[in-house]
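Not measured: the values here are computed from a predicted model. As the structure lists them, so they are numbered: ligands from 1, and atoms in each ligand from 1.
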Amino acid sequence: MVSTKALAIFFVVFGVWSYFYLDGRIPEQFPQQTKLKIMDATMKTYSNVISCLVSLGITNYFSPLDRKIGDWFILAMSTGFPWGSGVDSRLQITDTRIRDVRVKIYQPASLVGKTDRPVLVYFHGGGWSLLSVDSYDPLTRKIARESEVVVISVDYRRSPQHPFPDPLNDCFDVVEYVLNNGAELGLDPKRVAIGGDSAGGNMAAAISLRLQKRLALQLLLVPVVQILNWHQVGVIENSLYLNKSINTKNSMYFLTNYLNLPPEYAFEIHANNHTSPSFKKSKYMEMVDPKKWLPRKYVRNTELWDNYEMKSDFGDEKIFKTMEGYLTEPLISPMIADDETLGGLPFTYIMTCGYDFIRDEGIMFHEKLKHLKVETELAHYPEGFHNAIMFPHGPLKMDVGVKIVADIVRILKQKL
Ligand SMILES: *[C@@H]1O[C@H](CO)[C@@H](O)[C@H](O)[C@H]1NC(C)=O
Ligand SMILES: *[C@@H]1O[C@H](CO)[C@@H](O)[C@H](O)[C@H]1NC(C)=O
């Protein structure tokens, strides 16, 4: 009797879960539909678990518990276990501090004790607010192992508790230490790469503006490189896909966290209400205009591109005044740095994904650097999505994740 009841409950719960979660919003052309659906459902489950815990008064958004649960979900998706991977005899992994910043250092076994080794300093994604060196451990291990480069994964302080510039300063301090004192760690200061995905890519791009060719290369993976224009073609086009998980407009809360703004601004920013009519006509907006920088071939819905127009007759003056300093800050929007600064950047590898709501800015940044004669390579994966980099292995291993990571490994071996 009991087991029949349990079974019935299970099926009802499972039915409800499937109805609400496995509800499509998956690009029709994506080759591994089921895996992507499970990824989407798992992400939605995470956000519902947190909302539930918040409404029960058990925790707050972006609390240590929220972050811990986020890490468990990511690790479960990328390794099959919420506690992640065990030891790996091919790597020496050390938890330590550089200056005052927590880091995880991965040394390929073949390089332990050697000097003049190449190094990648990595900044994880998660909207400056979530995720950690722990949830990125499977990925950073893979990169270190396969590229035979020392990887230093930076556990920078996160927002909203630590808004701009704290996370950026932590990342900068580690990179600067490695450049100046790398020899103490057996590293070659002439072979220092930095990189990151999403918010991590934003900070990598900002740091490269300052350190220029002291760095051997930068990896900007699905990066945020501007916050001025959210009416990008890719934002509009991709609002139809994965729009309850990774492409949700709730992602805008990450920006209000980072910039220490009231959360009410999040959707106003998404609607481009954060720039005033006169700012919309300024040189800054021209720097982020898709008509100028986005080649039409990257757009699926070409009609959108053909009819694209930057409207400049609206905007909230009050929000603009609050944000003006941030909107003209290249350390937040590296794409608006002056040509001379951009022209001095090291080799820049940019990775973008077709179904990512911030697809266009990485492509536009690449076009701009090309225009300024910076050595740059764009790896665009039309079938990719924002967090595809997390799935080169594990139960949700996807071909696009495998390709993305293999290409990163190739570029590190080739350029470092
Ligand atoms: C999400 O995508 C579906 C189609 O996949 C669409 O009908 C819906 O309007 C989208 N939601 C938002 C908020 O854009
Ligand atoms: C943006 O501003 C317009 C005009 O002030 C307003 O009608 C609209 O609701 C705002 N959009 C959002 C998402 O707040």
remark   = The residue among Gln232, His380, Glu237 that forms side-chain hydrogen bond (donor to acceptor under 3.5 Å, both in side chains) with Arg359 is Glu237
query = So Phe164 and Tyr258, would you call those rings parallel, tilted or perpendicular, with 30° and 60° as cut-offs?
reply = perpendicular
ask   = So, Lys280 versus Thr275: side-chain donor-acceptor pair below 3.5 Å or not?
value = yes
request  = Please check if the distance between the ring centroids of Phe385 and Phe30 is under 6.0 Å.
outcome  = yes
ask   = Does an N or O anywhere in Asn243 fall below 3.5 Å from an N or O of ligand 1?
value = yes
request  = Mark up the atoms of ligand 1 that fall under 4.0 Å of a heavy atom belonging to Leu240, in ascending order.
outcome  = 2 (O), 4 (C), 5 (O)
request  = Look at ligand 2 and say whether Phe314 reaches it with a heavy atom at a distance under 4.0 Å.
outcome  = no
inquiry  = Just to confirm my output: which protein heavy-atom neighbour is closest to atom 13 (C) of ligand 2, and how far is it?
reply    = Phe267 O, 3.6 Å
ask   = Does atom 9 (O) of ligand 2 have any protein heavy atom closer than 4.0 Å?
value = no
query = Are His162 and Tyr156 near enough that their ring centres are under 6.0 Å apart?
reply = no
inquiry  = Under a 4.0 angstrom heavy-atom cut-off, which atoms of ligand 2 come close to Asn273?
reply    = 1 (C), 2 (O), 3 (C), 8 (C), 10 (C), 11 (N), 12 (C), 14 (O)
query = Could any protein non-hydrogen atom be found less than 4.0 Å from atom 4 (C) of ligand 2?
reply = no
Phe172 ring center within less than 6.0 Å of Phe123 ring center = no
